[in-house]
Amino acid sequence: MLDSLKSLLDEQIKDLYNAENQLLKALPKMAKKASNENLRAAFEGHLEETREHVERLASVAAMLESKPGGKVCKAMQGLLEEGKEVLEQGGEDAVVDAALIAAAQRVEHYEIAAYTSACSMAQQLGATKIVKVLQETLDEERGADEALGAISAGEVLPATGVMAEEDEAAPPVKEQRAPRREAPAAKRRS
């Protein structure tokens with residue numbers, strides 16, 4: 001039952017715990033399918049980080065006086081199901097690697113959103129130890145996403161052999177970020 005912000009945070013931790021455990025099973029398969037050595041190494045490195053993420057989430061659950069299991073992350077299930085389609089397809093090595101990166105970045109973006117929300121909730125609760133633990137994982141998820149993007153742009157996409165034609169109507173794709181907005185200050189009670 002979601003009767004408090006603490007109970008909501010607890011649900012988020014359970015969801016993330018299941019998501020990370022699902023990812024533990026998928027990453028070795030993705031690493032095995034990758035033909036690019038740096039991509040394979042990125043998946044293997046993130047597998048080690050993901051093991052730590054599971055341990056951290058278990059410690060956060062303990063801080064919340066809860067158990068981390070008991071919930072299925074349907075979002076991660078869906079993302080990994082899409083990724084499984086890539087694993088089952090054959091094709092040009094560089095194109096398959098690009099598809100693996102696209103699937104992995106979808107997962108990272110989901111995790112970034114989920115950890116950002118959980119950090120905000122913990123911060124609102126004044127749970128500074130939990131914020132610190134979750135922030136460490138959030139930083140690693142962002143790092144994994146950036147590493148995948150760099151491998152994609154620097155090695156994998158150029159290896160597809162496709163040369164972009166100059167087209168003045170289509171500028172290069174840049175990551176679009178929404179401007180940061182400050183949260184409104186809490187209204188003072190009179």
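Remember, predicted model here, so these are calculated numbers, not experimental data.
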Trainee: With rounding to the nearest 0.5 angstrom, report the CG to OH distance, Leu16 to Tyr110.
Mentor: 6.0 Å
Trainee: State which residues pass salt bridge (Lys or Arg N to Asp or Glu O under 4.0 Å) with Glu65; sequence neighbours excluded, sorted by chain then number.
Mentor: none
Trainee: So which heavy atom on Leu9 is nearest to which on Ala118, and how close?
Mentor: CD1-O, 3.6 Å
Trainee: Between His53 and Glu111, does any side-chain donor sit less than 3.5 Å from a side-chain acceptor?
Mentor: no
Trainee: Can you find a pair of side-chain heavy atoms, one from Met76 and one from Asn18, that are under 4.5 Å apart?
Mentor: no
Trainee: Taking Ala144's backbone N and O only, do any of them form a donor-acceptor pair with Glu108's side chain (distance below 3.5 Å, no angle check)?
Mentor: no
Trainee: For Glu92 and Thr160, run side-chain contact (heavy atoms from CB on, under 4.5 Å): C-alpha distance rounded to whole Å, both residues' side-chain angles, the deciding distance at 0.1 Å, then the answer.
Mentor: CA-CA 8 Å; Glu92 164 73 31; Thr160 64; 6.0 Å; no
Trainee: Are any of the side-chain heavy atoms of Leu23 and Glu20 separated by less than 4.5 Å?
Mentor: yes
Trainee: Hey, quick one: are Leu157 and Ile151 part of the same hydrophobic cluster, counting side-chain heavy atoms closer than 4.5 Å, chains of contacts allowed?
Mentor: no
Trainee: When you compare the side chain of Asn21 with that of Leu24, does any pair of heavy atoms fall below 4.5 Å?
Mentor: yes
Trainee: Under a 4.5 Å cut-off applied to non-hydrogen side-chain atoms, are Leu27 and His46 in contact?
Mentor: yes
Trainee: Show me the donor-acceptor pairs, under 3.5 Å and distance only, between side chains in residues 128-137 and residues at least two apart or in other chains.
Mentor:
| unit_1 | atom_1 | unit_2 | atom_2 | d |
| --- | --- | --- | --- | --- |
| Gln135 | NE2 | Asp139 | OD1 | 2.8 |
| Glu136 | OE2 | Arg56 | NH2 | 3.1 |
| Thr137 | OG1 | Arg56 | NH1 | 2.8 |

Trainee: Sub-3.5 Å donor-acceptor pair from the side chain of Asp97 to the main-chain atoms of Asn36, do we have one?
Mentor: yes
Trainee: Between Lys14 and Glu11, does any side-chain N to carboxylate O distance fall below 4.0 Å?
Mentor: no
Trainee: Would you say Ser35 and Val96 make side-chain contact, with heavy atoms under 4.5 Å?
Mentor: no
Trainee: Which atom names give the shortest non-hydrogen contact between Gly83 and Ala103, and what distance separates them?
Mentor: CA-CB, 4.0 Å
Trainee: Could you tell me the separation between the CZ atom of Arg40 and the CG atom of Leu100, rounded to the nearest 0.5 Å?
Mentor: 10.5 Å
Trainee: Do you know the tightest heavy-atom contact between Ser4 and Ser7?
Mentor: O-OG, 2.7 Å
Trainee: Regarding His109 and Glu141, is there a side-chain donor-to-acceptor distance under 3.5 Å anywhere?
Mentor: no
Trainee: For the side chain of Ser120 and the backbone of Thr116, is there at least one donor-acceptor N/O pair under 3.5 Å apart?
Mentor: yes
Trainee: Among residues at least two apart in sequence or on other chains, which ones pass side-chain contact (heavy atoms from CB on, under 4.5 Å) with Ala153?
Mentor: none
Trainee: Using a 6.0 Å cut-off, check whether atom CD of Gln124 has over 12 heavy atoms from anything other than its own residue.
Mentor: no
Trainee: From Ile112 CD1 over to Gln105 CD, what is the distance, rounded to the nearest 0.5 angstrom?
Mentor: 9.0 Å
